[in-house]
Amino acid sequence: MLFSIIFPFIKSALPSLANEVFREIFTEKTATFEDFLMAFFKNRTQFIIENRQIFQVVVKELIYREELRNELLSLFQENITPRINQVVDYFKAQGKLIQLPNEMILKVLFTFIGGFFISNFVWLNRSTVSDDEVKTAVRFVMHGLSSSNEGSE
């Protein structure tokens with residue numbers, strides 16, 4: 001019953017929400033991909049904090065309901081992937097992002113970002129994450145485990 005209400009809302013609202021989110025975070029102030037990721041993480045963190053219980057239910061249902069996973073994946077690929085591809089292409093063209101295939105970059109990003117949110121808000125059942133945790137996560141995405149980047153800000 002929950003999904004008969006939530007899924008139609010997600011399906012109808014996702015395109016306009018995606019446009020709004022990307023307009024908010026990908027602005028003239030977004031000088032680097034790291035700036036974009038920071039804004040994206042903060043924006044989505046705030047959204048999940050405000051909708052934590054729904055997020056938890058959706059994630060738990062995705063584990064067991066293949067048809068739901070397939071439908072959400074399709075919506076995600078239609079509405080989110082093209083927008084992030086544009087951002088990746090923009091920063092690659094400026095020489096500010098590694099020249100890997102977008103598919104590989106997006107797979108790593110989605111895996112890391114999804115894992116960050118699921119581990120914090122579902123598995124650990126936290127109600128918030130600090131700005132420092134978000135900064136550390138973004139720094140990790142941008143610089144990995146290399147010790148040469150320890151002091152990077």
Side-chain angles (χ1 to χ4, degrees), residues 2-3 6-7 9-11 13-15 17-26 30 32-92 96-153:
L2 179 64
F3 278 99
I6 291 176
F7 190 72
F9 170 75
I10 292 171
K11 196 171 186 174
L14 188 62
L17 287 172
N19 280 334
E20 183 181 321
V21 166
F22 278 87
R23 263 195 314 272
E24 271 181 39
I25 62 176
F26 191 52
T30 312
T32 66
F33 190 70
E34 191 165 354
D35 293 338
F36 167 79
L37 276 183
M38 186 66 72
F40 184 82
F41 258 93
K42 285 183 176 184
N43 180 286
R44 295 299 76 202
T45 296
Q46 188 58 43
F47 176 82
I48 291 171
I49 287 169
E50 293 168 4
N51 299 281
R52 189 171 59 95
Q53 291 177 328
I54 293 171
F55 179 73
Q56 290 173 333
V57 169
V58 169
V59 168
K60 290 172 184 174
E61 288 295 318
L62 288 173
I63 293 169
Y64 299 107
R65 299 179 85 186
E66 184 176 356
E67 72 281 356
L68 181 62
R69 269 195 316 272
N70 291 338
E71 287 197 49
L72 283 179
L73 180 60
S74 175
L75 281 173
F76 196 81
Q77 288 173 330
E78 286 174 28
N79 295 286
I80 308 301
T81 301
R83 288 166 177 87
I84 295 182
N85 266 321
Q86 288 176 341
V87 174
V88 168
D89 287 341
Y90 173 81
F91 286 111
K92 283 167 84 173
K96 295 182 177 181
L97 198 57
I98 191 168
Q99 294 296 321
L100 285 174
N102 285 15
E103 182 179 307
M104 173 145 324
I105 293 171
L106 269 57
K107 189 182 294 184
V108 169
L109 283 176
F110 294 156
T111 300
F112 183 83
I113 293 169
F116 178 84
F117 290 134
I118 291 168
S119 66
N120 278 291
F121 295 108
V122 179
W123 293 339
L124 298 175
N125 197 25
R126 295 178 66 197
S127 58
T128 190
V129 293
S130 70
D131 283 347
D132 285 341
E133 290 173 286
V134 170
K135 280 183 185 177
T136 299
V138 169
R139 204 172 299 131
F140 181 80
V141 169
M142 295 304 299
H143 306 289
L145 296 171
S146 173
S147 63
S148 64
N149 294 310
E150 279 181 344
S152 296
E153 285 293 319

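Note that these values count all heavy atoms, side chains included, but never hydrogens, waters or copies made by symmetry.
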Can you tell me how far [atom2] of [Y] sits from [atom1] of [X], rounded to the nearest 0.5 angstrom?
X     : Y     : atom1 : atom2 : value
Asn51 : Gln46 : CG    : CD    : 9.5 Å
Leu73 : Ile80 : CG    : CD1   : 12.0 Å
Asn79 : Ser74 : CG    : OG    : 8.5 Å
Glu24 : Lys42 : CD    : NZ    : 13.5 Å

#### Entry: Greater than 12 external heavy atoms within 6.0 Å of Gln53's CD
no
### Message
Could you check whether atom CD of Glu66 has more than 12 heavy atoms from other residues, nucleotides or ligands sitting under 6.0 Å from it?
### Response
no
### Task
Would you mind telling me which of Trp123, Phe140, Phe41 makes a ring pair (Phe, Tyr, Trp, His ring centres under 6.0 Å) with Phe116?
Phe41
Between [X] (side chain only) and [Y] (backbone N and O only), is there a donor and an acceptor less than 3.5 Å apart?
X      : Y      : result
Arg69  : Leu62  : yes
Asp35  : Thr32  : yes
Gln56  : Phe121 : yes
Thr128 : Ile49  : no

Which heavy-atom pair separates [X] from [Y] by the least distance, and what is that distance?
X      : Y     : value
Gln77  : Pro82 : O-CD, 3.1 Å
Met142 : Glu34 : CG-CG, 3.7 Å
Arg126 : Arg52 : O-CD, 3.0 Å

### Message
Strictly by side chain to side chain donor-acceptor pair (under 3.5 Å), give each pair with a member in residues 101-110 just once, sequence neighbours left out.
### Response
Asn85-Asn102, Asp89-Asn102, Lys92-Asn102
### Message
Could you check whether any side-chain heavy atom of Phe117 comes within less than 4.5 Å of a side-chain heavy atom of Val129, counting everything from C-beta outward?
### Response
no
### Query
Are side-chain heavy atoms of Met38 and Ile25 found at a separation under 4.5 Å?
no
### Task
Establish, from distance only, whether the side-chain atoms of Glu133 and Ser130 form a donor-acceptor pair under 3.5 Å.
yes
## Note on the structure
So the ring-ring contact (aromatic ring centres under 6.0 Å, His included) pairs with at least one residue in residues 43-90 (sequence neighbours excluded) are Phe26-Tyr90, Phe76-Phe110
#### Entry: Stepwise side chain to side chain contact (heavy atoms under 4.5 Å, CB included) test for Ile105 and Ile84
CA-CA 10 Å; Ile105 293 171; Ile84 295 182; over 6 Å; no
### Task
Could you walk me through whether Arg44 and Ile113 pass the side chain to side chain contact (heavy atoms under 4.5 Å, CB included) test, one step at a time?
CA-CA 10 Å; Arg44 295 299 76 202; Ile113 293 169; over 6 Å; no
### Query
Parallel, tilted or perpendicular for Phe91 and Phe33, by the 30°/60° rule?
perpendicular
### Task
Evaluate the side chain to side chain contact (heavy atoms under 4.5 Å, CB included) criterion for residues Arg139 and Lys135: first the C-alpha distance (whole Å), next the side-chain angles of each, then the deciding distance (0.1 Å), finally the verdict.
CA-CA 6 Å; Arg139 204 172 299 131; Lys135 280 183 185 177; 4.0 Å; yes
### Task
Sort out for me which residue in Thr30, Val141, Val87 forms a side chain to side chain contact (heavy atoms under 4.5 Å, CB included) with Leu37.
Val141
